[in-house]
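Reckoned from all heavy atoms, side chains included, excluding hydrogens, waters and symmetry mates.
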Amino acid sequence: MKEFDYSVVRHYKFYGFVKKVFGPIFRLVYKLEFKGLENVPADTDKRYIVAINHTCAFDPVFVAIPKNVPPLHFMAKAELFKNPIVGWVIEHLYGFPVKRGKGDTSAIEYGEKIITEGHVMAICPEGKRVKDKDGVPQKAKSGVAIVAKATGASVLPVAICCDGPIKAGKKVTVSYGKMLSLSDLGLNNEDSAVSDIKRAANMVMDSITALWEAEKIGN
């Protein structure tokens with residue numbers, strides 16, 4: 001597997017090509033419906049993280065399809081990069097490898113670099129794909145709060161909802177919530193305890209869950 005270069009955040013024209021050509025196809029195949037797009041910042045200088053419940057491998061793709069959503073840099077499990085073709089495609093769609101369960105600080109530090117350089121990062125707070133067949137959001141890990149605290153970024157919660165497992169031909173709703181600032185998350189103090197970080201991560205996940213439940217009730 002080619003070593004990923006965490007030292008620089010690159011720009012890829014391939015991303016724009018895929019979004020323009022395959023975005024409409026994804027809309028049709030998964031009957032995508034988008035709600036709350038007015039909550040996506042129009043200010044390109046605003047630092048923020050997009051937090052998504054982990055439903056399937058296409059989560060960052062679904063969320064990034066609308067025109068007003070900027071390119072999303074996202075973590076992908078390192079095993080996917082072992083295949084040179086798959087790895088190339090993921091990397092050129094702004095994915096970067098993370099070694100799950102091994103205390104991989106490189107991925108977190110790269111995430112911080114992404115934010116500080118003015119790009120947008122997508123994180124699935126749960127850390128791994130939800131196995132619940134109904135897609136019920138699960139408990140958050142601390143990563144989203146750690147990156148937010150380190151970079152001063154706000155967090156945009158986004159819920160992906162489907163009636164059962166996501167499959168071609170089924171309706172998938174992507175709901176964008178209200179932005180959560182560092183103050184909202186209780187992370188605006190210089191020093192934050194471990195308990196503050198965990199509480200903030202849970203708050204992000206609670207916001208995602210509320211969006212998800214609203215869609216379930218609405219359906």
Side-chain angles (χ1 to χ4, degrees), residues 9-76 89-96 111 114-115 117-126 129-130 135 137 144 147-148 153-163 165-181 184 204-205 207-219:
V9 180
R10 302 183 184 281
H11 173 74
Y12 297 111
K13 293 182 179 179
F14 180 72
Y15 180 94
F17 167 77
V18 170
K19 182 170 180 173
K20 183 177 181 179
V21 174
F22 291 95
I25 296 174
F26 269 85
R27 283 177 181 266
L28 290 173
V29 172
Y30 293 96
K31 299 182 179 179
L32 289 169
E33 180 180 5
F34 301 95
K35 297 184 178 181
L37 282 170
E38 67 277 6
N39 293 318
V40 178
D43 182 0
T44 56
D45 293 328
K46 185 173 181 60
R47 291 185 180 182
Y48 67 99
I49 298 164
V50 174
I52 317 166
N53 57 314
H54 204 351
T55 60
C56 70
F58 294 130
D59 295 332
V61 177
F62 291 152
V63 177
I65 283 176
K67 290 182 179 179
N68 65 322
V69 178
L72 300 180
H73 298 251
F74 62 95
M75 294 182 183
V89 171
I90 294 174
E91 182 176 343
H92 284 71
L93 291 177
Y94 295 122
F96 57 98
I114 288 167
I115 302 298
E117 292 188 9
H119 307 288
V120 180
M121 181 179 173
I123 296 179
C124 295
E126 296 146 303
R129 196 180 307 176
V130 173
V144 63
V147 176
S154 299
V155 179
L156 180 70
V158 181
I160 297 175
C161 184
C162 182
D163 184 15
I166 292 177
K167 296 180 180 179
K170 296 181 68 173
K171 178 184 175 182
V172 176
T173 302
V174 183
S175 181
Y176 303 76
K178 298 288 186 181
M179 190 75 77
L180 298 170
S181 67
D184 295 329
V204 171
M205 205 66 225
S207 296
I208 294 173
T209 302
L211 292 168
W212 184 88
E213 290 177 341
E215 286 306 314
K216 279 292 184 180
I217 293 173
N219 292 331

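- The backbone N or O of Thr173 lies less than 3.5 Å from no partner atom in the side chain of Glu33, so there is not a single donor-acceptor pair.
- Ile166 places a side-chain heavy atom less than 4.5 Å from the side chain of Tyr30.
- When all heavy atoms of Leu180 and Ser207 are compared, the pair lying nearest together is CD1-OG, 3.6 Å.
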- Tell me, with the steps shown, if His54 and Asp59 meet side-chain contact (heavy atoms from CB on, under 4.5 Å). CA-CA 7 Å; His54 204 351; Asp59 295 332; 2.7 Å; yes
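- Using cut-offs of 30° and 60° for the angle between ring planes, the Phe26 and Phe58 rings count as perpendicular.
- The nearest pair of heavy atoms linking Glu215 to Cys161 is CB-SG, 3.7 Å.
- Defined by atom type and a distance below 3.5 Å, a donor-acceptor pair is missing between the side-chain atoms of Glu38 and Tyr176.
- Looking at Asn53, its side chain does come within 3.5 Å of a backbone N or O of Ile160 through a donor-acceptor pair.
- Under the side chain to side chain contact (heavy atoms under 4.5 Å, CB included) rule, Val144 has a single partner from Pro157, Pro125, Cys124, which is Pro125.
- Taking both residues in full, the closest heavy atoms of Gly23 and Ile65 are given as O-CD1, 4.0 Å, listed atom of the first, atom of the second, then distance.
- Ionic pairing of Glu91 and Arg10 is not present here: no N-O contact between side-chain nitrogen and carboxylate oxygen is shorter than 4.0 angstrom.
- In Phe17, the CZ atom is not crowded: 12 or fewer heavy atoms of neighbouring residues, nucleotides or ligands sit closer than 6.0 Å.
- Under the 4.5 Å side-chain criterion, counting only non-hydrogen atoms from C-beta, Lys170 is in contact with Pro165.
- Side-chain atoms of Lys31 do not come within 3.5 Å of backbone N or O of Val172 as any donor-acceptor pair.
- Residues Lys171 and Cys162 fail the side-chain proximity criterion, which asks for heavy atoms closer than 4.5 Å.
- Closest heavy-atom contact between Ile90 and Ala76: CG2-CB, 4.1 Å.
- Met179 places a side-chain heavy atom less than 4.5 Å from the side chain of Tyr48.
- Between His119 and His73, the ring planes lie tilted relative to each other; the angle falls in the 30° to 60° range.
- Residue Leu72 comes nearest to Tyr94 through the heavy atom pair O-CB, 3.7 Å, listed as atom of the first residue, atom of the second, then distance.
- Scanning all heavy atoms of the two residues, the minimum distance from Asn68 to Leu37 falls at ND2-O, 3.3 Å.
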- Could you walk me through whether Ile123 and Val50 pass the side-chain contact (heavy atoms from CB on, under 4.5 Å) check? CA-CA 6 Å; Ile123 296 179; Val50 174; over 6 Å; no
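- Using a 4.5 Å heavy-atom threshold, the side chains of Asp163 and Lys216 count as touching.
- Separating the OG atom in Ser154 from the CZ atom in Arg47 is a distance of 11.0 Å, to the nearest 0.5 Å.
- We find the CD1-OG distance between Ile52 and Ser175 to be 12.5 Å, quoted to the nearest 0.5 Å.
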- Task: Start with the C-alpha distance between Phe34 and Arg27, add both sets of side-chain angles, then the distance that settles side-chain contact (heavy atoms from CB on, under 4.5 Å), and finish with yes or no.
- Result: CA-CA 10 Å; Phe34 301 95; Arg27 283 177 181 266; 3.5 Å; yes
- Message: Would Ile115 and Val147 count as a side-chain contact (heavy atoms from CB on, under 4.5 Å) here? Give the steps.
- Response: CA-CA 9 Å; Ile115 302 298; Val147 176; 4.2 Å; yes
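- A distance of 12.5 Å separates NZ of Lys167 from SG of Cys56, quoted to the nearest 0.5 Å.
- For the pair His92 and Lys13, the minimum side-chain heavy-atom distance is 4.5 Å or more.
- Going from atom CD1 of Ile208 over to atom CD of Glu213 covers 12.0 Å, rounded to the nearest 0.5 Å.
- At distances below 3.5 Å, at least one donor-acceptor pair connects side-chain atoms of Lys19 with backbone N or O atoms of Pro66.
- Put simply, the side chain of Val158 reaches to within 4.5 Å of the side chain of Val174, judged on heavy atoms.
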